[in-house]
Amino acid sequence: MFQANRTSVTMFFFLGFSHYPKGEIIIFMLCLLMYLTTLLGNMILISITILDSRLHTPMYFFLSNLSCLDIWYTSSAFPPMLINFVSGENTISFLGCAAQMYFSLAMGSTECVLLSMMAYDRYVAICNPLRYPTIINKRVCVQIAAGSWVTGCFTALVETVFVLQLSLCGRSVINHFACEILAVLKLVCVDTSKAQLIILVFTILLVPMPMLLICISYAFILSNILRISSVDGQSKAFSTCAAHLSVVVLFYGTALSMYLKPSAIDSQEIDKFIALVYGALTPMLNPIIYSLRNKEVKAAVKKLLIGNSLVLS
């Protein structure tokens, strides 16, 4: 599939943050801290949704999927980057680059679809509470999650194959810390208009379109909340959506700024720091945001910690 390119390019070299030699150690420590926090936070969230029967609901099923995505996404880029920093090599094989590009695109695309489906879940829970168990049943939850994963993995495969089959003409220095698709595309020495068109089409389908569904869902949710006469009822409804809305703003804000920015703004250095926010900060904050004001999650974590301490004692 990639044989034409492998004859000319077998290894890629990352520039990473070499333009900031004094800040590299700080960036390394921050990335290491964010990655470990991401792993810990998301693994705890997955564990409590499995172990605590009170969290066997559609919302927490989707949250556990989101946590899996975040772990896979950060693990596709950050461990190799951290290893390269320690070893000083800053290299990756062609197939390694292809795998890294595919998994990062697949997990990011899947998360775009899943977040829109989670907005629909919140819409049904608030606007049709009596029919919620019927509409969002176990079979529908599995179908929504599977559909999100299949969509993300398929679109990522198409983009990765299309970009990496283009001639790289022996140029192998990537001005990034990972095999990010737009950074690799800059190495291509033939016409990239078709590849850019495919990326643009998939980006529109996976970012603005899900955002539109989220906006429509929250418009109905807001309209329904404002009709609630009880202040406590309104507060409870708002708190139900606040965490998801915060994650949506953080995730889609960075995604839009990276993939749909005007062509006149083309700063690879800015893209690197946006990628850090998009790839490390957002996955790290997701479990924190969802658990800060969530009494069920707090109670489940406390139960898990107390249970472990009793076993150890």
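We number each residue from 1, following the sequence as shown.
With hydrophobic clusters built from ILVMFWY side chains whose heavy atoms lie under 4.5 angstrom apart, Met209 does not share a cluster with Val249. Linking ILVMFWY side-chain heavy atoms closer than 4.5 Å, directly or via other members, places Leu33 and Ile44 in two distinct hydrophobic clusters. Following chains of ILVMFWY side-chain contacts shorter than 4.5 Å, one can reach Leu212 starting from Leu245, so the two form part of one hydrophobic cluster. Leu222 and Ile216 fall within the same hydrophobic cluster, defined by Ile, Leu, Val, Met, Phe, Trp and Tyr side-chain heavy atoms under 4.5 Å apart, directly or through other members.
Using a 4.5 Å heavy-atom cutoff, the side chains of Cys179 and Ile92 are in contact. At a threshold of 4.5 Å between non-hydrogen side-chain atoms, the residues Leu115 and Pro210 do not count as touching. In this structure, the side chains of Pro58 and Val140 stay at 4.5 Å or more apart for every pair of heavy atoms. Looking only at side-chain heavy atoms (C-beta outward), Met107 and Ser76 stay at 4.5 Å or farther from each other. Taking 4.5 Å as the limit, every side-chain heavy atom of Phe61 sits out of range of all side-chain heavy atoms of Leu55. In this structure the side chain of Thr151 never reaches within 4.5 angstrom of the side chain of Thr110, judged on heavy atoms. The closest side-chain heavy-atom distance from Asn286 to Glu111 is below 4.5 Å. Inter-residue side-chain proximity for Phe85 and Leu82 is flagged as unmet; no heavy-atom pair is nearer than 4.5 Å.
Residues passing the disulfide bond (SG atoms under 2.5 Å apart) test with Cys112: none are found, sequence neighbours excluded. Applying the side-chain contact (heavy atoms from CB on, under 4.5 Å) criterion to Leu276, with sequence neighbours excluded, gives Phe17, Ile27, Cys31, Phe78, Phe177, Phe273. Under the side-chain hydrogen bond (donor to acceptor under 3.5 Å, both in side chains) criterion, Arg227 pairs with Ser223, not counting sequence neighbours. Among residues two or more places apart in sequence or in another chain, the side-chain hydrogen bond (donor to acceptor under 3.5 Å, both in side chains) test is passed with Thr134 by none. Scanning for side-chain contact (heavy atoms from CB on, under 4.5 Å) contacts around Leu197 gives Val201, with sequence neighbours left out. Every side-chain hydrogen bond (donor to acceptor under 3.5 Å, both in side chains) that Trp149 has, sequence neighbours left out, goes to Asn65. For Val150, there are no side-chain contact (heavy atoms from CB on, under 4.5 Å) partners two or more places apart in sequence or in a different chain. In terms of the side-chain hydrogen bond (donor to acceptor under 3.5 Å, both in side chains) criterion, residue partners of Ser75 (sequence neighbours excluded) are, by chain and number, Tyr35.
Partner Ile199 forms a side chain to side chain contact (heavy atoms under 4.5 Å, CB included) with one of Thr155, Ile181, Leu105, Val158 and no other, that one being Ile181.
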(message) Set out, in order, the CA-CA distance, both residues' side-chain angles and the distance that settles side-chain contact (heavy atoms from CB on, under 4.5 Å) for Asp121 and Cys141, then state yes or no.
(response) CA-CA 9 Å; Asp121 169 70; Cys141 288; over 6 Å; no
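Identified under the side chain to side chain donor-acceptor pair (under 3.5 Å) test for residues 135-147, with sequence neighbours left out: none. The list of side chain to side chain donor-acceptor pair (under 3.5 Å) pairs with a residue in residues 81-99, not counting sequence neighbours, is empty. Here ring-ring contact (aromatic ring centres under 6.0 Å, His included) pairs that include residues 118-137, with residues two or more places apart or in two chains, are Tyr123-Phe220. Identified under the side chain to side chain donor-acceptor pair (under 3.5 Å) test for residues 96-106, with sequence neighbours left out: none.
The two residues Asn42 and Pro283 have their closest heavy-atom pair at ND2-O, 3.2 Å. Scanning both residues, Ala280 and Thr74, for their nearest heavy atoms gives CA-CG2, 4.5 Å.
Distance alone, capped at 3.5 Å, places no donor-acceptor pair between the His176 side chain and the Phe14 backbone. Here the side chain of Thr160 pairs no donor or acceptor atom with the backbone of Leu157 at under 3.5 angstrom. A distance-only check finds no donor-acceptor pair linking the side chain of Ser109 to the backbone of Ala106 [under 3.5 Å].
The distance from the CG atom of Leu66 to the CE atom of Met59 is 12.0 Å, given to the nearest 0.5 Å. The CG atom of Leu114 sits 10.5 Å away from atom SG of Cys68, with the distance rounded to the nearest 0.5 Å. Rounded to the nearest 0.5 angstrom, Ile221 CD1 and Cys215 SG are separated by 11.0 Å. Here the CD1 atom belonging to Ile288 is positioned 12.5 Å from the OG atom belonging to Ser246, to the nearest 0.5 angstrom.
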